[in-house]
Structure formats: C-alpha cells, structure tokens
Amino acid sequence: MTTASDMARFYQMLLNKGTLNGKRILSAAAVAAMTTNQTGDLTNVEFSPGLGMGLSFGVVKDVVGTFRYQSIGTFCKGGAYRTYGWADPAKDMSAIILFQRTNGGGDMAPEITAFSILANAAIEQ
C-alpha cells in the first residue's frame with residue numbers, strides 16, 4: 001500500500017535517473033534497465049501493441065503506443081483496482097491516478113486513458 005505522494009516522489013526519482021532531493025536512491029544503470037524496452041520487437045507483451053517491457057515498467061517503443069499522447073520512451077505501470085502511473089522523460093512529467101474500481105478495464109480503463117490524454121495535452125513540448 002502506498003500514497004499518492006509516495007508514488008509521485010518515486011516517479012520523480014526515476015525521472016531524475018535515481019536521485020531524489022540530492023540523494024542517490026538507485027543507480028542510473030538500474031533506472032535505465034527498469035525503464036528501457038527489454039523485449040525488443042516482441043509483440044503483445046503489454047496492454048498496447050506499441051509497448052515493450054522494461055524491468056518493471058511498460059515502455060512506449062513506437063508510435064502505436066502513443067495513443068495517450070505519451071512520447072516514445074514513456075514508462076508506465078498499472079496496479080490493482082486501476083491504479084496507474086507513468087513518467088514521460090521527453091516532457092519531463094509524471095502523473096498518477098489512484099482509484100478503486102473492480103469492474104474490469106485494467107490499464108485500458110477509459111478513465112485512465114482520458115486522464116492521460118488530458119494531462120499530456122496540457123504540456124506543450
């Protein structure tokens with residue numbers, strides 16, 4: 001169990017390549033391995049055909065995965081009951097959405113897609 005604040009700090013640490021508030025939490029190499037596509041050209045390894053898998057995160061690997069206006073290289077992770085977070089290094093942004101809903105949809109839930117599109121559309125880059 002975690003809080004929105006904890007998740008926001010975690011994603012910020014990943015965007016900072018392993019540091020948070022001037023302290024090293026993970027090595028830059030560990031963050032790169034976690035957030036870089038490790039599955040090459042394999043298909044259907046995540047919820048969208050345009051995503052590959054890093055060590056822990058789905059990673060947008062081509063334009064098919066940008067349906068939520070996320071850049072190539074964005075990494076994301078869904079959790080139980082439609083919790084979802086992502087970080088987009090190209091836009092220097094991260095976002096999380098936490099709610100409890102059990103009626104299916106998972107990472108493809110329309111609320112998550114709408115939230116992601118609106119958050120990404122608000123960033124001009």
Side-chain angles (χ1 to χ4, degrees):
M1 192 153 139
T2 191
T3 66
S5 177
D6 287 342
M7 282 188 69
R9 290 168 43 86
F10 179 69
Y11 277 96
Q12 186 60 57
M13 181 269 302
L14 294 172
L15 281 174
N16 294 344
K17 296 181 173 49
T19 63
L20 184 65
N21 298 329
K23 295 184 181 181
R24 169 98 17 224
I25 309 299
L26 293 173
S27 70
V31 173
M34 292 168 64
T35 61
T36 301
N37 179 28
Q38 303 291 328
T39 55
D41 293 331
L42 291 175
T43 58
N44 300 320
V45 296
E46 257 292 353
F47 65 89
S48 167
L51 298 182
M53 279 298 296
L55 303 180
S56 300
F57 292 94
V59 180
V60 177
K61 66 180 183 176
D62 62 45
V63 295
V64 175
T66 63
F67 68 99
R68 289 179 170 161
Y69 298 153
Q70 296 168 331
S71 306
I72 293 172
T74 296
F75 51 93
C76 56
K77 182 73 174 166
Y81 303 106
R82 295 192 187 171
T83 58
Y84 186 79
W86 80 90
D88 187 331
K91 294 177 182 166
D92 193 29
M93 73 173 287
S94 62
I96 56 170
I97 182 169
L98 304 176
F99 59 104
Q100 302 294 298
R101 193 161 178 197
T102 61
N103 65 334
D107 291 347
M108 290 302 296
E111 299 91 345
I112 293 173
T113 297
F115 176 68
S116 179
I117 288 171
L118 291 170
N120 280 291
I123 303 297
E124 291 187 30
Q125 279 196 16

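Numbers here simply count residues along the sequence, with the first being 1.
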Measuring from atom [atom1] of [X] to atom [atom2] of [Y], what distance do you get when rounded to the nearest 0.5 angstrom?
X     : Y     : atom1 : atom2 : answer
Asp92 : Ser71 : CG    : OG    : 11.0 Å
Gln12 : Ile25 : CD    : CD1   : 12.5 Å
Ile96 : Asp6  : CD1   : CG    : 9.0 Å

Of the non-hydrogen atoms in [X] and [Y], which two are nearest, and what is the gap between them?
X     : Y      : value
Gly52 : Asn37  : CA-OD1, 3.3 Å
Thr36 : Val59  : C-CG2, 4.0 Å
Val31 : Thr35  : O-OG1, 2.7 Å
Lys77 : Tyr11  : CB-OH, 3.6 Å
Trp86 : Ser116 : CH2-CA, 3.5 Å
Tyr84 : Gly78  : CD1-CA, 3.8 Å

Exercise for review: Check step by step if side chain to side chain contact (heavy atoms under 4.5 Å, CB included) holds for Asn120 and Met93.
Suggested key: CA-CA 9 Å; Asn120 280 291; Met93 73 173 287; 3.5 Å; yes

Side-chain ([X]) to main-chain ([Y]) donor-acceptor, under 3.5 angstrom:
X     : Y     : value
Gln38 : Ala33 : yes
Lys61 : Gly40 : yes
Asn16 : Gly18 : no
Thr74 : Gln70 : no

Practice item. Apply side chain to side chain contact (heavy atoms under 4.5 Å, CB included) to Ser94 and Leu15, showing your working. Key: CA-CA 8 Å; Ser94 62; Leu15 281 174; 4.0 Å; yes

Review point. Passes side chain to side chain contact (heavy atoms under 4.5 Å, CB included), Leu51 versus Val60? Steps please.
Key: CA-CA 5 Å; Leu51 298 182; Val60 177; 3.4 Å; yes

Review point. Under a 4.5 Å side-chain heavy-atom rule over Ile, Leu, Val, Met, Phe, Trp and Tyr, are Met53 and Phe57 clustered together?
Key: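 Met53 does not cluster with Phe57.
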
Check your understanding: Is it the case that one hydrophobic cluster holds both Leu98 and Leu14, taking links as side-chain heavy atoms less than 4.5 Å apart, direct or via other members?
Key ->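 Shared cluster, yes.
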
**Study point:** Derivation and outcome, side chain to side chain contact (heavy atoms under 4.5 Å, CB included), residues Met13 and Asn21
**Key:** CA-CA 8 Å; Met13 181 269 302; Asn21 298 329; over 6 Å; no

**Study point:** Ser56 side chain near Phe75 side chain, heavy-atom distance below 4.5 Å
**Key:** no

